[in-house]
Amino acid sequence: MKFASVIVDVKAMQTDRAFDYLIPEKWMGFIKPGMRVIVPFGPRAVQGFVIALKDSSDFDKVKPITEVMDITPALTAELLDIGHWLTESTLCFKISAFQAMLPAAMKAKYEKEIRLTSSEAKDRLHPKSARWFENAPGIFWKEIEKSDSVKELQGDIERGLLEVIYRVKQKNKQKTQKVIRAAVTSDVLKEEASGCTQQAAKQKKVLDYFAEHGGAAVPLQELLLKLNITDSPVKTLIKKNLLSESYEEIYRDPYADRTFQKTESLPLTPEQQTAIAPILDGIERKAHDVFLMYGVTGSGKTEVYLQSIEAVLNQGREAIVLVPEISLTPQMVNRFKARFGSLVAVLHSGLSIGEKYDEWRKIRRGEVKLVVGARSAVFAPFTNLGMIIIDEEHEGSYKQEENPRYHARDVAIYRAKRHKCPVVLGSATPSLESFARAGKGVYQLLTLKERVNSRPLPEVEIVDMRDELRSGNRTMFSKVLLEKLEDRLEKGQQSVLFLNKRGYSSFIMCRDCGCVKGCPHCDISLTYHKRGHLLKCHYCGHEEPMPNVCPECGSEHIRFFGTGTQRVEEELAKVLPEARIIRMDVDTTGKKGAHEKLLTAFGNKEADILLGTQMIAKGLDFPDVTLVGVLTADTMLHLPDFRASEKTFQLLTQVSGRAGRHLLPGEVVIQSYSPEHYSIQLAGKHDYDSFYMQEMTARKQHAYPPFYFLALVTVSHPDLLKAVSVTEKISQHLNHKLSNHVQILGPSASPIPRVNDRYRYQCMIKYKREENLHSALKMIIERFQQDMNKNQLSISIDMNPNAMM
DNA sequence: AGCACGCCGACT
DNA sequence: GTCGGCGTGCTC
């Protein structure tokens with residue numbers, strides 16, 4: 001096998017195919033598919049993935065591979081296959097698919113250096129470019145590209161005085177440490193130790209240590225610290241061949257400083273036993289099945305997961321547990337760490353690039369058997385998978401909103417088919433898609449209707465905020481909620497206040513002329529940030545100082561609208577001055593570990609009220625929380641999103657589940673301006689089944705999933721007319737190519753018609769079965785290829801979009 | 001993507 | 001005559 005087919009790290013349609021490279025003699029037999037290599041590509045060096053080996057190439061001018069980046073292939077054969085499948089199914093570039101499956105640390109970065117070709121060349125340089133090379137023979141292009149000497153530098157490059165070198169730089173090196181171990185038996189050590197003169201007291205100390213502690217390797221630093229010595233006696237002993245030194249890779253362990261109380265399996269309730277039986281059977285039989293475990297909050301889904309995992313591990317196979325990013329709380333992780341100890345790797349966005357890389361390598365080497373992580377953990381490089389669990393299956397964060405636009409659920413099922421193992425989807429409020437599939441028998445439905453502690457679900461009171469306003473209450477707390485908060489304060493119990501902020505953040509408006517300050521680059525209002533007294537755009541990052549007077553009419557009567565958590569906190573302090581409040585939002589949890597600190601403080605009853613956004617909706621479990629308040633239940637309801645009702649129902653159900661999980665009964669107050677809406681009413685009654693029926697009727701009527709599949713094509717361009725005309729052409733093309741069973745909607749403006757000075761138009765395709773869809777979409781990309789390169793046009797295609805954005 | 005090549009108008 | 005604009009095509 002003399003040649004390797006390589007997918008190079010260049011994201012373009014024309015390079016989205018394999019290129020052949022010669023394998024140098026020294027690496028023959030060593031280079032394998034799945035390895036990362038560095039190859040020359042035109043004038044530069046780029047990273048690439050070997051996807052296949054072959055004996056001959058159709059090209060006559062084949063260049064050799066420059067470097068090999070892996071000892072064992074980064075991508076297993078299975079992951080390579082998944083990469084090809086992702087490319088096909090999500091219409092992305094192969095390189096994007098491969099990169100998405102690996103930790104960020106393994107993605108190459110590039111740099112361009114300008115170097116003197118020889119030392120004599122220095123004197124012949126143009127004076128303007130010479131100044132950059134006074135101290136060193138080379139300089140990074142990045143540092144000079146914006147200087148005034150670019151022309152001169154280019155001239156000198158042409159004259160052959162300077163050369164351009166492209167380099168691939170590795171983002172992350174493994175961390176290593178020096179370790180020391182005994183090179184001889186402990187008997188010899190003892191003998192040597194007794195023979196030590198007084199001069200060599202330190203050497204004796206070291207020898208004694210190793211005689212006592214046996215042959216295990218000790219990190220040098222640790223040894224020096226323990227024995228209070230310098231490295232010189234150690235070095236001498238190494239020279240005498242009594243000790244040996246070597247380098248060992250160390251892992252950054254984000255959970256190193258924590259101990260976990262080992263837990264044992266809990267006895268299962270009859271209901272849990274009924275639910276787990278078919279899963280265990282599937283594991284036993286090595287059969288691929290998808291289970292939808294529909295269990296109310298507090299019904300003990302996690303214990304079912306844990307015991308199923310145990311069965312998988314006992315079988316010698318591995319398991320993946322996916323958890324939504326937002327609920328990857330320490331509380332959640334601890335449950336797995338406590339049961340399975342060091343067999344668990346954790347992957348989530350809170351880890352540094354290096355930490356994620358370390359966790360990934362533990363998986364790749366088979367040092368752990370279980371991964372708990374967010375979406376991308378579905379690509380964990382296990383080779384003997386026994387089960388994949390997706391908790392909170394309905395969560396939107398399982399869909400990646402950038403290329404490759406995959407859904408973790410689809411990847412999980414794809415992998416499980418290959419490994420002949422079960423997939424378990426768990427939720428108290430399953431997505432309509434999954435519940436419908438369970439109804440059709442595609443998934444197997446497992447139901448947990450009872451809470452483990454037999455606690456009834458909390459009482460929910462829905463408050464009509466319009467009535468509050470009519471009766472003169474202009475605060476954001478209804479009379480009922482305030483009374484109940486006061487009551488909890490008196491009883492020394494805790495409350496959680498939930499602010500549903502999505503799509504409704506604190507914008508500012510002039511009360512005289514009604515003008516709302518919007519982003520100059522996007523069609524969206526700016527959000528006020530108290531920190532820095534700034535207005536920020538959440539889409540393009542634009543920032544500007546908060547004006548003192550209205551920029552339109554000069555009025556001083558500008559005020560905030562909407563309710564940020566900061567403002568709720570201030571108001572709350574006014575009406576309940578004695579309450580101790582902990583606020584959790586992006587501002588207070590930005591720093592690493594802050595999230596956990598705040599929760600621990602609340603758990604220790606250092607506060608009476610926990611106030612927060614989405615991030616407190618899930619997984620939290622505090623025994624003394626007996627009241628949950630939802631300040632604005634309907635902010636999501638009016639977003640242009642066909643899942644708005646579903647998301648509202650899920651969120652309210654989720655939040656309500658936070659109350660009364662233990663001995664004390666819980667209560668929930670939901671405040672809303674549209675309390676009659678079925679998603680709010682039925683969430684109040686904990687009635688998923690009715691919600692499902694009603695929402696399915698609506699979806700059927702409007703031809704939305706699960707009755708139809710969707711594909712969304714979004715076109716963006718700085719020029720509005722261009723965006724519209726391209727979308728129009730796309731829509732015509734699709735109309736022409738597809739059958740008349742499809743519905744093609746658009747061109748229509750995106751829900752946010754302009755982001756970052758680019759106009760966005762879209763075209764929505766609703767279909768049931770459409771053989772030509774893939775090829776038609778591919779043709780679109782090919783047809784507008786040139787426009788996308790030169791004319792700032794961008795077209796993005798999302799198969800199965802989560803929302804219309 | 002990033003770069004070379006090459007074909008046309010505007011100027012020392 | 002030449003400099004430089006950017007449309008076209010290639011990278012194993």
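We name chains A, B, ... by the order of the sequence lines, and we start the count at 1 in each one. Computed over heavy atoms, backbone and side chain alike; hydrogens, waters and symmetry mates excluded.
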message: Regarding A:Phe93, tell me which of base, sugar-phosphate or nothing describes its non-hydrogen contacts under 4.0 Å with the strands shown.
response: nothing
Quickly work out the [X] [atom1] to [N] [atom2] distance and round it to whole Å.
X        : N     : atom1 : atom2 : result
A:Met13  : B:dA1 : CE    : P     : 11 Å
A:Ile95  : B:dA1 : CD1   : C1'   : 13 Å
A:Gln99  : B:dA1 : CD    : P     : 14 Å
A:Asn403 : B:dA1 : CG    : P     : 13 Å
A:Ile7   : B:dA1 : CD1   : P     : 17 Å

field: From CA spacing to verdict: salt bridge (charged side-chain N to carboxylate O under 4.0 Å, His left out), A:Asp798, A:Lys399
entry: CA-CA 11 Å; A:Asp798 193 343; A:Lys399 172 74 194 293; 2.6 Å; yes
- prompt: Do A:Asn800 and A:Tyr406 meet the criterion of a side-chain donor-acceptor pair at a distance under 3.5 Å?
  reply: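 Distance-only check fails for A:Asn800 and A:Tyr406.
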message: Could you tell me if A:Asn802 and A:Tyr398 have a donor-acceptor pair between their side chains, going purely by distance under 3.5 Å?
response: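 Distance-only check fails for A:Tyr398 and A:Asn802.
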task: For B:dA1, take OP1 and OP2 only and decide whether either is under 4.0 Å from a side-chain N or O of A:Tyr110.
output: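 Checking B:dA1 against A:Tyr110, no side-chain N or O comes under 4.0 Å of OP1 or OP2.
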message: So, OP1 or OP2 of B:dA1: does either fall under 4.0 Å of a side-chain N or O from A:Lys112?
response: no
task: May I ask you to establish whether A:Arg131 and A:Phe133 are in a cation-pi arrangement, using a distance under 6.0 Å from NZ or CZ to the six-membered ring centre and at most 45° from the ring axis?
output: no
Within 45° cone and under 6.0 Å: A:Arg769 NZ/CZ vs A:Tyr767 ring: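 No, A:Arg769 and A:Tyr767 do not form such a contact.
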- request: Take A:Arg115 and A:Glu163 through the test salt bridge (charged side-chain N to carboxylate O under 4.0 Å, His left out) and record every step on the way to the result.
  value: CA-CA 5 Å; A:Arg115 260 184 171 280; A:Glu163 61 184 336; over 6 Å; no
Short N/O separations, protein against nucleotides 10-12 of chain C, under 3.5 angstrom:
from   : atom 1 : to      : atom 2 : distance (Å)
C:dT11 : OP1    : A:Lys61 : NZ     : 3.2
C:dT11 : O3'    : A:Gly42 : N      : 3.2
C:dC12 : OP1    : A:Tyr21 : OH     : 3.4
C:dC12 : OP1    : A:Pro40 : O      : 3.3
C:dC12 : OP2    : A:Lys63 : NZ     : 2.3
C:dC12 : O3'    : A:Asp20 : O      : 2.6
C:dC12 : O3'    : A:Lys63 : N      : 2.6
C:dC12 : O2     : A:Asp20 : N      : 2.5
C:dC12 : N4     : A:Arg17 : NH1    : 3.4

